[in-house]
Amino acid sequence: MIHHDPNRVPTVIQSFCRRLADNADDPVSAFVYDLDALVQRVRWLRSHLPEGVELFYAIKANSEASILNTLAPWVDGFDLSSGGEVQKVIGSDLTNACVLSGPGKLDSELRLAITAGVERVHLESLDEIRRLNTLAAEAGITQRVLLRVNPVLPQTLSSRLSMAGQPTPFGIEERQLAEAVKRVEGSEHLELGGFHVHAMSHQTDLHRHQPLLDGLLDKWPIWQALAEHPATITQLNVGGGMGVNYLGPDQFNWPALCQHLHQRLAWLSNPPRVRFEPGRFITAYCGYYLMQIIDLKHNHGEEFAVCRGGTHHFRLPAAQEHDHPVVHLPADPGRGGSERRVTVVGQLCTPKDVMARGVRMTEPRRGDLLVLPLAGAYGYNISHADFLCHPRPDLHFIHGGSI
Ligand SMILES: *Cc1c(COP(=O)(O)O)cnc(C)c1O
């Protein structure tokens, strides 16, 4: 699927949405996930992977149990980014390998992860090396780790959301890497297996992602040689970051990236075991956000469709600052009439609760359904206080100076 028409909503999803609305008293809003499409998607991604290259899923893109259970047979493992996500996997029947990454890991999160048996912890700083070694010693285990590197990258490789090649809280700067390797090797309870680079998110351009992989493979022998026993360093986790084009049909050319990687690995005398861990690229396409029009109005020359739901459910368009594609499903499909441009908003009392401006609709009416596709990743999961499954904040009420 290198082309994907965002304005095409499968009939099965359309009928399901209509049924939902027919059976409800109030206008509806909901997320609808097509699990068959998700299986198709992940099988397609796998079918292009070069032999020996692994596919993990970064669950922060969508960690709903049904999504994880559906993906479990088709991915080699899960990438977790918080204690809440570790808890979620531990509390399930999933048996896939898991890795834990992310800056700002608490001791309690690291302890939880290593006692639950995560396959690898991706270490993000020199001090984290020390902390994890102490915790592993306390737990009486040897923990396998990768070092997350923030490498020097050419400016041209950055994306809208860059985590590396510039000052960020992510990973260990390349010039500190020799020191980091030495410290892990000096840590009795840690075992270094390789390196991890998740450099960017939302990279829709193959011709920028491909040089990034090339750069990492060029650096691989250099990084490997930092170890006392380079032969024990076998893993190169190249992260995720393959983007989704929300605004047009042309999508990231995954088959070409895999083909290129296949050739590059074949040239290397001592290739690493490569692992991808995308989030968005796996689940984005399977999800739809459904809204139903509550009210239509004109205000200062602009027409608004006020709909059930809003950015508290689906923050992605606001977060990306884009006009999300909207597919209009009229209550009576044969309806004719004039085409108008409408701004689609939710129920929140803020002018920022906008899904899209200038959406072309033919004679929209109260009760019509609007379907927002490409809502399967970073949709509901980033739109509420449970982002990354972190706990909600404590609330303290102080009165008269006493607690
Ligand atoms: C978020 C994240 C990913 C997935 O990123 P996508 O852009 O969704 O592919 C992969 N690895 C790490 C370490 C992450 O934090």
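Keep in mind that this is a model prediction, so the values were computed, not measured. By convention here, the first residue in the shown sequence is residue 1. Order of listing sets the numbers, starting from 1, for every ligand and every atom in it.
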Worksheet item: Is it true that Arg148 and Glu128 have a side-chain N and a carboxylate O under 4.0 angstrom from each other?
Response: no
Worksheet item: Does ligand 1 have an atom that lies less than 4.0 angstrom from a heavy atom of Tyr378?
Response: yes
Worksheet item: Do any pairs count as a side chain to side chain donor-acceptor pair (under 3.5 Å) and have a residue in residues 180-194, sequence neighbours left out, and if so which ones?
Response: Glu179-Arg183
Discussion item. Does any N or O of ligand 1 fall below 3.5 Å from an N or O anywhere on Ala58, backbone included?
Written reply: no
Practice prompt. Return each pair, listed once, that meets ring-ring contact (aromatic ring centres under 6.0 Å, His included) where at least one residue sits in residues 122-149; pairs must be two or more places apart or across chains.
Written response: His122-His196
Worksheet entry | Mode of Ser101 contact toward ligand 1 - side chain, backbone, both, neither (heavy atoms, under 4.0 Å) | side chain
Fill in: Asp386 with Lys88: basic N within carboxylate O range, under 4.0 Å
no
Response to the item:
In ligand 1, the atoms that come under 4.0 Å of a heavy atom of His196 are 13 (C)
Item to complete: Show the numbers, then the answer: is there a ring-ring contact (aromatic ring centres under 6.0 Å, His included) between Phe276 and Trp254?
Response: CA-CA 12 Å; Phe276 282 105; Trp254 172 250; 5.1 Å; yes
Discussion item. Would Arg148 count as a polar contact of ligand 1, with the cut-off being nitrogen or oxygen pairs under 3.5 Å?
Written reply: no
Fill in: Atoms of ligand 1 close to Arg280 [distance to a heavy atom under 4.0 angstrom, numbered from 1]
6 (P), 8 (O), 9 (O)
Discussion item. Please check whether His202 reaches ligand 1 - meaning an N/O of the residue sits under 3.5 Å from an N/O of the ligand, judged on distance alone.
Written reply: no
Discussion item. Could you work out, for atom 9 (O) of ligand 1, the closest of Gly241, Ala284, Ala61 by heavy-atom distance?
Written reply: Gly241
Discussion item. Please work out, at 4.0 Å between heavy atoms, whether the side chain, the backbone, both, or neither of His122 comes within that distance of ligand 1.
Written reply: neither
